[in-house]
Amino acid sequence: MKKELELYESVILLKSTSADELSSNLEKYKNFLAGKGSQVMIKNQGKVSLAYNVKGFDMATYVQIVYLGN
């Protein structure tokens, strides 16, 4: 019996970088998940201010990834 696809959601914070580097990174995530047979939706929620510095960064790009998988 084949298991039905489940809906998953991941939220990641990425270093604030150039728009080209960001789109390249998001494309890598999308291609990885799509290569595993998932349907993927990635939404860039924009830059957010962090509550405290993490490795010298006080801003990050907030990205939401919703995908189907099993």
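- Rounding to the nearest 0.5 Å gives a distance of 12.5 Å between NZ of Lys36 and CG of Asn31.
- For residues 43-65, there are no ring-ring contact (aromatic ring centres under 6.0 Å, His included) pairs, not counting sequence neighbours.
- Distance check, rounded to the nearest 0.5 Å: CD of Glu9 to NZ of Lys43 gives 11.0 Å.
- For the pair Ser38 (side chain) and Leu68 (backbone), a donor-acceptor distance under 3.5 Å is present.
- Annotation for Gln45: atom CD counts as buried by contact number, over 12 foreign heavy atoms lying within 6.0 Å.
- The hydrophobic cluster containing Val63, built from Ile/Leu/Val/Met/Phe/Trp/Tyr side-chain heavy atoms closer than 4.5 Å, also comprises Tyr8, Ile12, Leu14, Leu22, Leu26, Tyr29, Phe32, Leu33, Val40, Ile42, Ile65, Tyr67.
- Note: Ser23 OG to Lys30 NZ = 12.0 Å, rounded to the nearest 0.5 Å.
- Residue Lys15 holds its NZ atom at 7.5 Å from NZ of Lys55, rounded to the nearest 0.5 Å.
- Surrounding CD of Gln64 are more than 12 heavy atoms belonging to other residues, nucleotides or ligands, all under 6.0 Å away.
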